[in-house]
Amino acid sequence: MKKVKIYSPATIANLVCGFDILGMALNHPQDEMELILSDEPGIRIKHTDGYNLPAAVEKNVAGAALLAFLDEYEEKIGFDLTINKIIKPGSGLGSSAASSAGAVVAANHLLNNFFSREDLVRFAMNGEKLASGVKHADNIAPCIYGGVTLIRSIFPLDLVSLTAPPLYVTIIHPQIEVKTSDARQILRKEVQLRDAVKQWGNIAGLVTGLLKSDYDLISRSLEDVIVEPIRSILIPGFDQVKKQSKEAGALGGGISGSGPSVFMLSKEETISNNIEQLMKDIYNKIGMEYHTHVTTINYEGVKIIG
Ligand code: ADP
């Protein structure tokens, strides 16, 4: 029996100014999955977590990704997938991407890497379509490639892995649900040219700052004048978290993916720990439940562990 166990990391999509085109993989939290290659055609999905996610193949994002994978594979084979979900669904930390990306990386490993990593991104995007209504790769690509990824284009797929200096990431996940599909719907369809110009400057600045390990440039470029002003309304305490985190030394930060999680980047661990505490204080005052994480960039992506 051929089987594989993997860890699949949480990811932060958008990275403030890079709506739909930038993403970063995290060392924590990570989902665990086990995939068995079977002679019996079809896909069977089991969950060992308490999240009550759909087991039906066409309703589970991992199922949607594996169906796309099997569609292009030459032989009739099947998979038995067990998911232990650690990344809370709907957190804005790429829970759906971890399942779809993890499933296809595991399947490819069992088939001696028959497909390229780009193919895997393509298959896994079917899972994102199921979760949010549109194909996007800003969680999937960093989940599979690790590190920070630029998605220059998805049709045709053009992915660029960016080098990035060490960064600490502090995350607060308020326990409210923001559906990715809703968070997309509230966005304006048109952008003012002056806002677009600001955003282009910030994206170029952020990418350059990452490549040159220029923390000041990274910090100056972590600004979103298009999406954040609208989406942040859905997140209680957002402005306070951002203001106080910056005062405590954060380089900057914003909404993780479509929220509700909020993340802040720092150069030093002590700063990121202080930010965790101030985030907790703010939410304790608001009286809203939350989870926090302090973590770092995951440079390796989905990991085969046995
Ligand atoms: P996130 O940013 O945390 O991935 P999304 O809203 O994009 O949040 O995705 C979560 C949605 O996808 C939920 O509605 C959930 O029910 C659905 N879903 C289906 N299968 C899975 C899966 N295997 N893992 C996570 N979410 C799944």
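Both counts, for ligands and for their atoms, begin at 1 and track the order of listing.
Counting protein heavy atoms only, atom 1 (P) of ligand 1 is closest to S95 N, 3.6 Å. In terms of protein heavy-atom proximity, atom 13 (C) of ligand 1 is nearest to P89 CB, 4.7 Å. Of the protein's non-hydrogen atoms, K85 CE, 3.1 Å is the one closest to atom 24 (N) of ligand 1. Atom 14 (O) of ligand 1 has K179 CE, 4.2 Å as its closest protein atom, hydrogens excluded (heavy atom only). In this structure, the protein non-hydrogen atom closest to atom 7 (O) of ligand 1 is T180 OG1, 2.9 Å. For atom 16 (O) of ligand 1, the closest non-hydrogen atom on the protein side is L53 CD2, 3.5 Å.
For a threshold of 3.5 Å applied to N or O pairs, the pair formed by S91 and ligand 1 contains at least one separation below that value. Residue S96 places at least one N or O, backbone or side chain, under 3.5 Å from an N or O of ligand 1.
Between D182 and R231 there is no salt bridge, since no side-chain N of the basic residue sits under 4.0 Å from a carboxylate O of the acidic one. Contact check on E228 versus K242 returns a salt bridge, with a Lys/Arg side-chain nitrogen under 4.0 Å from an Asp/Glu carboxylate oxygen. The pair D158-R152 counts as a salt bridge, with a side-chain nitrogen and a carboxylate oxygen less than 4.0 angstrom apart.
Residue contacts with ligand 1: G92 is included, with a non-hydrogen atom under 4.0 Å away.
With a heavy-atom cut-off of 4.0 Å, S99 touches ligand 1 through its side chain alone. Residue-level proximity to ligand 1 for E128 is absent, since no heavy atom of it falls below 4.0 angstrom.
Against a heavy-atom cut-off of under 4.0 Å, G90 is close to the following atoms of ligand 1: 1 (P), 3 (O), 8 (O), 10 (C). Near A131, meaning under 4.0 Å from one of its heavy atoms, ligand 1 places the atoms 9 (O), 12 (O).
Remark: R117 is positioned above the aromatic ring of Y145, its terminal NZ or CZ atom under 6.0 angstrom from the ring centre and at most 45 degrees off the axis.
Considering only residues two or more places apart in sequence or on other chains, S221 meets the side chain to side chain donor-acceptor pair (under 3.5 Å) condition with none of them.
Side-chain contact annotation: E276 with T292, donor-acceptor N/O pair under 3.5 Å present.
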Could you pull out all donor-acceptor pairs under 3.5 Å where a side-chain atom in residues 118-126 meets a protein atom, sequence neighbours excluded?
unit_1 : atom_1 : unit_2 : atom_2 : d
D119   : OD1    : R122   : NH2    : 2.9
D119   : OD2    : S116   : N      : 3.2
D119   : OD2    : S116   : OG     : 3.2
R122   : NH1    : E72    : OE2    : 2.9
R122   : NH2    : E72    : OE1    : 3.1
N126   : ND2    : R122   : O      : 3.3
N126   : ND2    : F123   : O      : 3.0

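Under the 4.5 Å side-chain criterion, counting only non-hydrogen atoms from C-beta, D239 is not in contact with K243. Counting only heavy atoms from C-beta outward, the side chains of Y7 and I304 never approach each other to under 4.5 Å.
When I45, N52, V61 are ranked by how near their heavy atoms come to atom 21 (C) of ligand 1, first place goes to V61.
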